[in-house]
Amino acid sequence: MAEHIISLQGVTKEFDTKGGKVVALKDINLDIEKGDSYGIIGLSGAGKSTLVRTINLLEQPTEGKVLFDGESLTGLGNKDLNLNRRKISMIFQQFNLLMQRDALGNILFPLEIAGAPKAEALEKAKELLKVVDLEDRAHSYPSQLSGGQKQRVAIARALASDPEVILCDEATSALDPKTTRSILGLLRKINEERGITLVVITHEMEVIKQLCNKVAVIENGEIVERGEVQEIFKKPKTKAARKLFFPDGDYREKPLTKTSTKNRVRLVFDEANAGEPIIANMIMELGAPVNFLYANLDVLGESQKGQMVLCLAADKATADKQKAYLTAKGVEFIEIPEDEIEEEVTE
Amino acid sequence: MSAHELMSLLGQESLATLYMTFVGTLVAYLIGLPVGVSLVVTGPNGIKPRPVYNKVMGFIVNVIRSVPFLILMIALIPYIRKVIGTGIGPRAITAALIIAAAPFVARLVEQSLLEVDPGVVEAAQAMGASTLQIIWKVLLLEGRPSLINGAAVTMINILGYSAMAGTLGGGGLGDIAIRYGLYRFQPTIMWITILVLIVLVQVLQEIGIRIVAKSDNRIN
Ligand SMILES: Nc1ncnc2c1ncn2[C@@H]1O[C@H](COP(=O)(O)OP(=O)(O)OP(=O)(O)O)[C@@H](O)[C@H]1O
Ligand SMILES: [Mg+2]
């Protein structure tokens, strides 16, 4: 059995608010293995931040247990909890750097807290500045750094305590696409080269695709689907997961009012079957057209995957033939329920 | 009174005023700073919420703050006389100033620390920092510019109080204003005293602003 570095067991979190009780997490069970880069994705208000904050007990669960490296964190005294927290670093959307300390001072902070000898700490902090490519900005204050640079300082700070896990709560949501890619690249490298487990909270599928090997989809405080990113990408079982694979505006209600929602399928191509013009051949061989609703090329970690939504022939017999054809060609697909349409994003 | 006598009187009483101001501020901070910190730490969104302590301490602070300074001082003088042996003069006034200013300081400190980004406090908690480490290394450090600003405001306030205390035989510039300016009706002396007070306040304010600007790493 693989080692679970983090294990949430029956975690429930309720908030008492003036408007009554808010259940942010319902009976969450989640195991994260050492070395995983585990994504947790969901829409705003789904409970992602609450979930990640229960892992280091910034949020005390109302019920349930949090295990770190096999040891229960819930119920530990402050001192022991703090010792464990040094092994679980965290980075934030808003960076949360000390504004009155320069880059180097920020990286020194966790080392000071842990009582590391001064000279040693300084050496290490300088080394980490190099790791995040900021050795020339050691004495810049956060107010003098760009968002991407601030997040790099925060990552160096997170590495300073030699953590086993880094929790990332929307670490790239405040950054532009190019900076996002470079930060995700850095995190990926940290995960691969140092074997540090990542827990990646995001509402963007792109982040999961670039950074994670596993993913859990969270909706209304519950994990509705989970597994290997490759698998879920190929065959998302729930509507929540499917929705997250269609970027905003690509696959909306409006074009669908003009097309049928019958016999829709979503296919995924990868290196194995991308060479052959399968759809074109299918149309010619079966003599029945299909309607293209959506197509996109995605990068999942190192590999490329094409995804496509087709509307097959309207009559069932032909549609079944088309499906059989696809199956025979080794194309994996899922059928999209007729009543499933992408709602307008309200927010 | 000769110009020379006047100068020496002004010099001497200015020193008395500055003595009351500095000592008063210093001791008021020795009391008010920890109280202010404790109010933030034990507050509803603090790092160690302690509702009962917070309510009680908050109440005491509010009660003392709501008594006008002159009234408070008059009320305190008999007790001060018992403790330090005299009810007049700079020492007695300083004692009264401290009691009046400490709760004011506590609230100012509280305000300054509440301005510290809660995200940064949370980051420190996530790193496993103890409560004391968060107070020293996060709250007081990040709140430093605002705290210094508050100290300048406090000093100017205490200077004003100490001048008012002159009416109660407290010594200092307020004493000159009352004795020469009012009772003997020497408007020149009155105005000179006012001028000295204005200069002192301006100097304190300017020093405060400069230290804040120098110590704040968010603006440069
Ligand atoms: N301290 C709190 N008090 C009351 N309710 C809270 C608190 N924190 C979170 N909630 C509620 O819990 C639910 C989940 O919030 P959470 O912040 O975990 O969502 P999220 O998935 O991180 O959303 P976002 O993507 O917007 O950050 C929401 O309904 C929110 O209002
Ligand atoms: Mg969130």
Side-chain angles (χ1 to χ4, degrees), chain A residues 49 52-53 55-60 73 76-103 105-115 139-145 153-154 157-161 163 165-169 174, chain B residues 33 37-38 40-51 109 111-151 208-220:
Chain A
S49 296
V52 77
R53 289 159 51 84
I55 294 178
N56 59 4
L57 258 66
L58 283 179
E59 215 72 82
Q60 193 76 32
L73 293 185
L76 281 186
N78 278 338
K79 223 172 163 183
D80 290 324
L81 176 61
N82 281 339
L83 286 178
N84 277 291
R85 277 176 171 173
R86 287 178 198 160
K87 298 277 144 215
I88 311 175
S89 290
M90 193 166 191
I91 57 177
F92 306 83
Q93 178 172 1
Q94 296 305 331
F95 324 120
N96 293 352
L97 297 174
L98 294 152
M99 301 301 282
Q100 303 295 346
R101 280 193 178 210
D102 61 16
N106 267 286
I107 302 172
L108 281 169
F109 189 76
L111 296 164
E112 285 172 22
I113 282 173
H139 298 296
S140 299
Y141 288 93
S143 62
Q144 301 165 320
L145 297 172
V153 174
R157 178 175 74 173
L159 288 172
S161 54
V165 180
I166 300 181
L167 310 175
C168 317
D169 190 355
Chain B
L33 185 73
V37 169
S38 79
V40 173
V41 169
T42 62
N45 296 313
I47 47 178
K48 276 241 177 312
R50 293 283 181 278
V109 167
Q111 282 308 315
S112 293
L113 300 188
L114 286 176
E115 284 166 24
V116 173
D117 180 3
V120 180
V121 175
E122 191 169 282
Q125 282 178 304
M127 282 178 223
S130 68
T131 305
L132 232 82
Q133 284 172 322
I134 292 177
I135 291 172
W136 279 115
K137 289 177 179 283
V138 182
L139 290 177
L140 293 178
L141 180 84
E142 291 289 293
R144 188 179 57 194
S146 178
L147 287 169
I148 295 172
N149 209 10
I209 288 170
R210 294 224 175 148
I211 298 179
V212 170
K214 223 178 148 102
S215 78
D216 192 352
N217 296 317
R218 285 171 301 183
I219 32 173
N220 42 42

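Only this structure's heavy atoms are used, side chains among them; waters, hydrogens and symmetry mates stay out. In the text below, chain A, chain B and the rest are named by the order of the sequence lines, each starting its count at 1.
In this structure the side chain of B:Arg218 never reaches within 4.5 angstrom of the side chain of A:Tyr141, judged on heavy atoms. In this structure, A:Asp102 and B:Asn217 have side chains that are not in contact, with every pair of non-hydrogen atoms separated by 4.5 Å or more. Taking the side chain as every heavy atom from C-beta outward, B:Gln125 and A:Arg85 approach each other to under 4.5 Å. Looking at heavy atoms from C-beta onward, B:Ser130 lies out of side-chain contact with A:Lys79 at the 4.5 angstrom threshold. Using a 4.5 Å heavy-atom threshold, the side chains of A:Gln100 and B:Arg144 count as touching.
Considering only residues two or more places apart in sequence or on other chains, B:Ser146 meets the side-chain hydrogen bond (donor to acceptor under 3.5 Å, both in side chains) condition with B:Ser112, B:Glu115.
Counting heavy-atom pairs closer than 4.5 Å to chain B, the top-ranked of the candidates A:Glu112, A:Met99, A:Arg157 is A:Met99. In terms of non-hydrogen atom pairs under 4.5 Å with chain B, the most contact-rich of A:Ile91, A:Asn56, A:Leu98 is A:Leu98. Considering only heavy-atom pairs separated by less than 4.5 Å from chain B, the leading option among A:Asn84, A:Ile113, A:Leu167, A:Leu83 is A:Ile113. Between chain B and the residues A:Leu57, A:Asn82, A:Leu81, the most heavy-atom pairs under 4.5 angstrom are made by A:Asn82.
Of the two parts of A:Ile88, only the backbone, made up of N, CA, C and O, holds a non-hydrogen atom closer than 4.5 Å to a non-hydrogen atom of chain B. For A:Leu58, the part lying near chain B is the side chain, with the backbone staying farther off; criterion is any non-hydrogen pair under 4.5 Å. Within the 4.5 angstrom heavy-atom criterion, only side-chain atoms of A:Met90, from C-beta onward, approach chain B. Neither the backbone nor the side chain of B:Thr131 comes within contact range of chain A; no heavy atoms are under 4.5 Å apart. Of the two parts of A:Leu97, only the backbone, made up of N, CA, C and O, holds a non-hydrogen atom closer than 4.5 Å to a non-hydrogen atom of chain B.
Between the CE atom of B:Met127 and the OG atom of A:Ser161 there is a distance of 8.0 Å, given to the nearest 0.5 Å.
A salt bridge is absent between B:Glu142 and A:Arg101; no separation between the charged side-chain nitrogens and carboxylate oxygens falls under 4.0 Å.
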